[in-house]
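Values in this document were obtained by computation on a predicted structure and should not be read as measured data. Count residues from 1 along the sequence.
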Amino acid sequence: PDASDALVDQIMDTAVEPTLAALARRGIDYRGFLFAGLMLTPDGPRMLEYNVRFGDPEAQVVLPRLTSDLADLLAGAADGAMGEAPTFADTTAVTVVCAAEGYPASPRTGDVIEGLDAARAVPGATVFCAGVAADEEGRLVTAGGRVLNVTGEGTNLAEARAVAHEAVAAVSWPGMHHRTDIGAPA
């Protein structure tokens, strides 16, 4: 909500376009996804990193809103002929990471995950499994540090945040933890 057209133009002019120009000067015909990780500061946007893939949890707030055909977009990028710009639903999304006990240093694994069906039943919620495996009985269990990414979608930030946290509240396993300030007003 804070990214005005002027801010997007500033980011493109000061970070993205110079990066693409530098790649071209080096003879690199870059085709693919380029995710700019930014921090907005009182002195303007600052580039933290680039990713050349959809990472988590960033992809989980982008992909549910995408109304274009992702396969067509990726094929166009690979061919060097993107065509139409991607289109998105006029919604807001918030993702909350549910982590295993001990994350990030030494996450505990093997805990049975409860409540996934209830979380998925929350209108506007999408549950992405990350550090998840099936045990010998076929139950879903924790298998890494960031276990689930729970995304809520709504008409505004407050609604998306409420949906995400409602879905998170439906899920549990021993030692599960998550941040409660994601999407909250500063």
S.K.: Would you find a donor on one side and an acceptor on the other, under 3.5 Å apart, between the side chain of Ser106 and the backbone of Gly102?
M.R.: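 A pair under 3.5 Å: no.
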
S.K.: Would you indicate whether Asp5, at its atom CG, is surrounded by more than 12 heavy atoms from other residues, nucleotides or ligands within a distance under 6.0 Å?
M.R.: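 Not more than 12 within 6.0 Å, no.
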
S.K.: Using the side-chain hydrogen bond (donor to acceptor under 3.5 Å, both in side chains) definition, which of the options Thr126, Thr92, Thr91 pairs with Glu153?
M.R.: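 Testing each of Thr126, Thr92, Thr91 against Glu153, the sole residue satisfying side-chain hydrogen bond (donor to acceptor under 3.5 Å, both in side chains) is Thr91.
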
S.K.: If Ile, Leu, Val, Met, Phe, Trp and Tyr residues are connected whenever their side-chain heavy atoms lie under 4.5 Å apart, and connections chain through other members, are Val171 and Val112 in the same group?
M.R.: no

S.K.: Please evaluate residues Val147 and Asp111 with respect to the criterion side-chain contact (heavy atoms from CB on, under 4.5 Å), reporting the C-alpha separation (whole Å), side-chain torsions for both, the decisive distance (0.1 Å), and the verdict.
M.R.: CA-CA 11 Å; Val147 178; Asp111 291 318; over 6 Å; no

S.K.: Is it true that Val8 and Phe33 fall in one hydrophobic cluster, defined by side-chain heavy atoms closer than 4.5 Å?
M.R.: no

S.K.: What closest approach, in Å, do Leu73 and Ser68 show between heavy atoms, and which atom pair accounts for it?
M.R.: CD1-CB, 3.7 Å

S.K.: With side-chain contact (heavy atoms from CB on, under 4.5 Å) as the test, pick out the partner of Pro57 among Ile182, Val96, Val97.
M.R.: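 Going through the options one by one, the only one that passes is Val97.
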
S.K.: Indicate yes or no for a side-chain donor-acceptor contact from Thr151 to the backbone of Val61 under 3.5 Å, with no hydrogens or angles considered.
M.R.: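 No, the answer is negative, given that no donor and acceptor are paired below the 3.5 Å cut-off.
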
S.K.: With a 3.5 Å distance limit and no angle check, can you tell me whether His178 reaches the backbone of Ala99 through a side-chain donor-acceptor pair?
M.R.: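 A pair under 3.5 Å: no.
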
S.K.: For the side chain of Asp135 and the backbone of Glu137, is there at least one donor-acceptor N/O pair under 3.5 Å apart?
M.R.: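 Yes, the answer is positive, given that a donor and an acceptor are paired below the 3.5 Å cut-off.
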
S.K.: Report yes or no: does Asp69 contribute a side-chain atom to a donor-acceptor pair with the main-chain N or O of Ala71 at less than 3.5 Å?
M.R.: yes

S.K.: Are Leu116 and Phe128 connected in the hydrophobic side-chain network, where two residues link if heavy atoms are under 4.5 Å apart?
M.R.: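 No: no chain of side-chain contacts under 4.5 Å links Leu116 to Phe128.
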
S.K.: When you measure from the side chain of Asp181 to the backbone of Ala184, do you find a donor-acceptor pair of N or O atoms at a distance under 3.5 Å?
M.R.: no

S.K.: Rounded to the nearest 0.5 Å, what's the gap from OH on Tyr50 to CG on Leu38? Could you check?
M.R.: 8.0 Å

S.K.: Closer than 3.5 angstrom, by distance alone: can the side chain of Thr109 be matched with the main-chain N or O of Gly144 as a donor-acceptor pair?
M.R.: no

S.K.: Any link between Ile113 and Tyr103 through a network of hydrophobic side chains (Ile, Leu, Val, Met, Phe, Trp, Tyr) touching at under 4.5 Å?
M.R.: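 Ile113 does not cluster with Tyr103.
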
S.K.: Could you grab the distance from atom CD of Glu49 to atom CZ of Phe35, nearest 0.5 Å is fine?
M.R.: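 With rounding to 0.5 Å, CD (Glu49) is 7.0 Å from CZ (Phe35).
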
